[in-house]
Amino acid sequence: MNAETLCAQLAALPGARVRAADHAAVGYDLDVTLPESSLLAAVGIMDGAGYFIEGMTGVDWLGECEALRKEAEAKAKKAAEAAASAGDAPDASQAAQPEPPAQDPIPQEDELEVVYDFNLYAARHRVCLRVRTPRSNPQIHTIAEIYPIAHWHEREIHEFFGIVFIGHPYLIPLLLPEDAEYHPLLKDYSA
């Protein structure tokens with residue numbers, strides 16, 4: 001399967017956003033954001049195309065909602081000021097300004113994210129799948145039945161971020177004590 005076909009198959013998944021990336025700048029070729037409901041289908045596509053999973057990691061987006069709101073307010077204020085100043089001195093070049101690109105909606109709640117890195121050596125092609133889950137109930141389906149090595153990565157992410165991988169057969173800590181009820185890589189964790 002070539003990269004264009006892979007891109008088309010991933011983009012056809014419900015809720016998927018696929019963006020080409022500059023490999024030299026970020027280390028991967030495709031950046032795919034998915035809802036949790038499309039994860040297993042996306043991973044199945046990656047497996048069918050011959051990609052292997054390089055790694056998985058968790059990300060805590062605590063504070064992102066507030067930061068995005070402030071950024072949106074600042075952009076709106078700047079646009080209003082620009083429109084007001086354009087009204088003072090109208091000319092033909094200002095009349096046909098392009099609209100800014102649409103922004104992703106601001107989430108209602110801070111989230112956790114799992115990032116899945118896939119690689120296909122033969123094509124020198126890397127794909128990054130991203131799935132977010134609410135911090136209040138962090139759950140994502142396991143992919144260990146498709147990629148058995150994910151078993152270890154999911155245990156580590158659960159241990160340090162508290163994300164529950166639904167269907168995982170052995171979700172116990174690797175490094176922390178088995179009775180640990182804390183997740184040290186969450187931004188609001190305090191020892």
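Because only heavy atoms are used, hydrogens play no part in the values below, and waters and symmetry mates are left out as well, while side chains stay in.
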Taken in chain and number order and not counting sequence neighbours, the residues that satisfy side-chain contact (heavy atoms from CB on, under 4.5 Å) with H151 are A144, R155, H168, P169, Y170

Here the gap from L185 atom CG to L112 atom CG, rounded to the nearest 0.5 Å, amounts to 11.0 Å

Working to the nearest 0.5 Å, report the span between NE2 of H158 and CD1 of I140. 13.0 Å

Rounded distance (nearest 0.5 Å) linking atom CG of L39 with atom OG1 of T142: 9.0 Å

Using modelled atom types and a 3.5 Å cut-off, is there a donor and acceptor pairing between side-chain atoms of E154 and backbone atoms of I143? yes

Other residues, nucleotides, ligands: >12 heavy atoms within 6.0 Å of Q139 CD: yes

Any donor-acceptor pair under 3.5 Å linking the side chain of Y147 with the backbone of D47? yes

Can you check whether R124 reaches H23 side chain to side chain, under 4.5 Å on heavy atoms? no

Should R126 and E54 count as an ion pair when the cut-off is N to O under 4.0 Å? yes

Flag the pair L6 / M46 as yes when at least one side-chain heavy-atom distance between them is below 4.5 Å, and no otherwise. yes

If hydrophobic clusters are built by linking Ile, Leu, Val, Met, Phe, Trp and Tyr wherever their side-chain heavy atoms come under 4.5 Å apart, do V32 and F52 end up in the same one? no

If you count every heavy atom of other residues, nucleotides or ligands that lies below 6.0 Å from K77 atom NZ, does the total exceed 12? no

Check this for me, if you would: do E64 and R132 make a salt bridge, where the nitrogen-to-carboxylate-oxygen distance has to be below 4.0 angstrom? yes

Is it the case that the side chains of H125 and Y51 hold a donor-acceptor pair, with the cut-off being a distance below 3.5 Å and no angle test? yes

H141 side chain to I166 main-chain N or O, any donor-acceptor pair under 3.5 Å? no

Looking only at heavy atoms, which two atoms of V18 and C7 are closest? And how far apart? CG1-SG, 3.5 Å

To the nearest 0.5 Å, what is the distance between OG1 (T57) and CD1 (I157)? 6.0 Å

So, the side chain of R17 versus the backbone of L34: is there a donor-acceptor pair under 3.5 Å, distance only? no

Side-chain contact, heavy-atom cut-off 4.5 Å: V59 with V115? yes

Do we see a donor-acceptor contact under 3.5 Å between the side chains of E159 and H183? no

Verify same cluster id: I172, I149 (apolar side-chain graph, 4.5 Å): no

For a 4.5 angstrom cut-off between non-hydrogen side-chain atoms, does L13 reach I45? yes

Give a yes or no on whether the backbone of L186 and the side-chain of D60 come within a donor-acceptor separation of less than 3.5 Å. no

Would a 4.5 Å heavy-atom cut-off, applied to side chains only, mark V127 and D29 as touching? no

Residue pair R130 / D31, side-chain heavy-atom distance below 4.5 Å: yes

